[in-house]
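Being a predicted model, the structure only gives us computed values, none of them experimental.
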Amino acid sequence: MTQGMRLLCVHAHPDDESSKGAATMAKYVDAGAEVLVISCTGGERGDVLNPRLADDPRIQRDIVQVRRDEMAAAQAILGVDHHWLGFVDSGLPEGDPLPPLPAGCFALEPLEVPVEALVREIRRYRPHVVTTYDENGGYPHPDHIRTHEVTVAAFDAAGDPTAYPQAGPAWQPLKLYYNGGFSKRRIEAYHEALLAAGETSPYGEWLEKWDRPERIVTTRIACAPWFERRDAALLAHATQIDPDGWFFKVPREVQARIWPFDEYEAAASFVPIVTGEDDLFAGLGGPDAADGLALDPPVLVLDRRTARVSA
């Protein structure tokens, strides 16, 4: 049932696609699905987080092109298609009080502008399933929060023929998921595995300061055989990833044993979400049946979105 299905993964910056759901994407590509990653911004204001590259003059001079090249490398490793939505990175404001966001950045765009751009891509690509971040952005980066707002609004608007009629014929994606990311349970599992192996864990202080409620997990995708591809794609974003950092502290074979899946939270769906769901395309009945539903959708049977966004 996976052959010919279409998955759209909407992310804020290049590198987000490789740290959130990359193994799932690679698994679906290998199973014959089409997968499109959309990067809402170019990541132009991202810091160089790899200490080995922090003082590289070429990177400092050409960070825009460097991040595009990194994205192209990660895209090739994962086997996905990719589209730049074309907005400018907002940066991560720091300080107390926080400084204002830079003029013209993604987070300050009038909502209808990026929503129309995403609706246009949804109607062109015609995905059956869309993934993005929860209403908190996974973490409170302004571009992650904006990506959530834009994606939720576009999920609804794409299927409405009266919304953005200039953006192409209506197409209703059938399921919307939030990426599970690094849940507390996942971090606890990594922490305990390192301690059991007599290793020093970098996760203890993180757990002590944990103050976020746990999200609902509706769907787990078993994808351990694709962890190597995931890691290679993440390392392709060399300016953003420290190869000696916390992400790689737990060996892949240990991860495959204690946490062999990616987690998702079903946020909205036109088909029922069964308990213990293990496939983002579950319930859609293959590409022909899913196409029919997308062109003549029933009513939503699930809507867990806490803040409906319209534009």
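Cluster membership for L176 and L284, using ILVMFWY side-chain heavy atoms within less than 4.5 angstrom, is shared. V48 and L234 fall into different hydrophobic clusters, where Ile, Leu, Val, Met, Phe, Trp and Tyr are joined by side-chain heavy atoms under 4.5 Å apart, directly or via other members. Under the 4.5 Å side-chain heavy-atom criterion for Ile, Leu, Val, Met, Phe, Trp and Tyr, F227 and F248 are members of distinct hydrophobic clusters. L207 and V250 fall within the same hydrophobic cluster, defined by Ile, Leu, Val, Met, Phe, Trp and Tyr side-chain heavy atoms under 4.5 Å apart, directly or through other members. In the hydrophobic clustering of this structure, M25 groups with L85; members are Ile, Leu, Val, Met, Phe, Trp, Tyr whose side-chain heavy atoms approach within less than 4.5 Å, directly or through other members.
Relative to the six-membered ring of W226, R230 misses at least one condition, a distance below 6.0 Å or an angle of at most 45° to the axis.
The existence of a salt bridge linking K209 and E205 is confirmed by a sub-4.0 Å separation between a basic side-chain nitrogen and an acidic carboxylate oxygen. No salt bridge links R58 with D62; every basic N to acidic carboxylate O contact stays at or beyond 4.0 Å. A salt bridge links R252 with D231; the closest basic N to acidic carboxylate O contact falls under 4.0 Å. In summary, R305 and D156 engage in a salt bridge, as defined by a charged side-chain N under 4.0 Å from a carboxylate O. No salt bridge links D143 with R45; every basic N to acidic carboxylate O contact stays at or beyond 4.0 Å. Here R68 does not pair with E44 in a salt bridge; the nearest charged N to carboxylate O distance is not below 4.0 Å. Ion pairing between K249 and D244 fails under the 4.0 Å rule for side-chain N and carboxylate O. Using a cut-off of 4.0 Å between Lys/Arg side-chain N and Asp/Glu carboxylate O, E34 and R126 are scored as not salt-bridged. Of the charged side-chain nitrogens involved, none lies within less than 4.0 Å of a carboxylate oxygen, so that E214 and K184 do not count as a salt-bridged pair. Using a 4.0 Å cut-off between a side-chain N of Lys or Arg and a carboxylate O of Asp or Glu, R124 and E121 qualify as a salt bridge.
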**Report entry** Verdict with supporting geometry, D134 and R215, salt bridge (Lys or Arg N to Asp or Glu O under 4.0 Å)
**Finding:** CA-CA 9 Å; D134 63 41; R215 305 289 307 194; 3.7 Å; yes

Query - Intermediate values then yes/no, side-chain contact (heavy atoms from CB on, under 4.5 Å), R186 and Y190 - result: CA-CA 6 Å; R186 181 178 177 184; Y190 284 6; 3.2 Å; yes

Requested in this report: May I have the step-by-step check of side chain to side chain donor-acceptor pair (under 3.5 Å) for H128 and Q172, ending in yes or no?
Outcome: CA-CA 8 Å; H128 302 114; Q172 179 58 64; over 6 Å; no

Query raised in the report: So L280 and T131, side-chain contact (heavy atoms from CB on, under 4.5 Å) or not? Walk me through it.
Result: CA-CA 9 Å; L280 298 181; T131 70; 4.2 Å; yes

Query raised in the report: Run the side chain to side chain donor-acceptor pair (under 3.5 Å) check on T219 and E263 step by step: do they pass?
Result: CA-CA 6 Å; T219 311; E263 291 185 324; over 6 Å; no

Query - Criterion salt bridge (Lys or Arg N to Asp or Glu O under 4.0 Å) on R229 and D30, from CA distance to verdict - result: CA-CA 12 Å; R229 287 252 293 279; D30 287 357; 3.1 Å; yes

Query raised in the report: Can V254 and R257 be said to form a side-chain contact (heavy atoms from CB on, under 4.5 Å), step by step?
Result: CA-CA 5 Å; V254 177; R257 174 171 53 82; 3.8 Å; yes

**Report entry** Derivation of the ring pair (Phe, Tyr, Trp, His ring centres under 6.0 Å) call for Y178 and H148
**Finding:** CA-CA 9 Å; Y178 298 152; H148 163 83; 5.5 Å; yes

Report task. Please test D15 against M71 for side-chain contact (heavy atoms from CB on, under 4.5 Å), starting from the C-alpha separation and ending with a verdict. Result -> CA-CA 7 Å; D15 78 75; M71 182 65 228; over 6 Å; no

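Applying the ring-ring contact (aromatic ring centres under 6.0 Å, His included) rule to pairs touching residues 2-27 yields H11-Y133, H13-H141, H13-H144, sequence neighbours excluded.
In this structure a side-chain-to-backbone donor-acceptor pair under 3.5 Å is missing from N136 to Y139. Within the 3.5 Å criterion, the main-chain N or O of D47 finds a donor-acceptor partner in the side chain of Q240. Judged by distance alone, the side chain of Y203 and the main-chain N or O of W246 form a donor-acceptor pair under 3.5 Å. Side-chain atoms of T132 do not come within 3.5 Å of backbone N or O of T151 as any donor-acceptor pair. Looking only at distances, a side-chain donor or acceptor of Q75 sits under 3.5 Å from a matching main-chain atom of V80. Not one N or O on the side chain of N179 forms a donor-acceptor pair closer than 3.5 Å with the backbone of G181.
Between Y177 and E277 the shortest side-chain heavy-atom distance falls below 4.5 Å. The side-chain heavy atoms of E116 and V150, taken from C-beta on, include no pair separated by under 4.5 Å. Side chains of F155 and P127 form no contact here, defined as non-hydrogen atoms less than 4.5 Å apart. Under the 4.5 Å side-chain criterion, counting only non-hydrogen atoms from C-beta, C9 is not in contact with T24. Looking at heavy atoms from C-beta onward, L78 lies in side-chain contact with S18 at the 4.5 angstrom threshold. You'll find the side chain of L101 reaches within 4.5 Å of the side chain of P142, heavy atoms only. The shortest distance between side-chain heavy atoms of Y164 and R123 falls below 4.5 Å. Side-chain contact between V130 and K175: absent, with no pair of heavy atoms (C-beta onward) separated by less than 4.5 Å.
Rounded to the nearest 0.5 angstrom, Q60 CD and T239 OG1 are separated by 12.0 Å. Note: E192 CD to I187 CD1 = 11.5 Å, rounded to the nearest 0.5 Å. Between atom CZ of residue F270 and atom CG of residue D303 there is a gap of 9.0 Å, rounded to the nearest 0.5 Å. The CZ atom of F261 lies 11.0 Å from the CD1 atom of I221; values are rounded to the nearest 0.5 Å.
Residues V301 and P272 share a closest heavy-atom pair of CG2-N, 3.6 Å. Considering every non-hydrogen atom in both A74 and A236, the closest pair reads N-CB, 3.9 Å. A pairwise comparison of heavy atoms in G43 and P14 identifies N-CD, 3.7 Å as the closest pair. In terms of heavy atoms, I77 sits closest to A232 at CD1-O, 3.5 Å. Residues R304 and T218 share a closest heavy-atom pair of NH1-CG2, 3.3 Å. Between P298 and L293, the shortest heavy-atom distance links the atoms CD-CD2, 3.9 Å.
Under the rule for a ring pair (Phe, Tyr, Trp, His ring centres under 6.0 Å), the partners of F106 that lie at least two apart in sequence or sit in another chain are F87. With sequence neighbours left out, R6 forms a salt bridge (charged side-chain N to carboxylate O under 4.0 Å, His left out) with D291.
Between F182 and F247, the ring-plane angle classifies as perpendicular under the 30° and 60° cut-offs. Ring orientation note: the planes of W84 and H82 are nearly perpendicular, at an angle over 60° on the 30°/60° scale.
In the displayed structure, Q166 atom CD is contacted under 6.0 Å by more than 12 heavy atoms of other residues, nucleotides or ligands. Residue Q65 places its CD atom among more than 12 non-hydrogen atoms of other residues, nucleotides or ligands, all under 6.0 Å distant.
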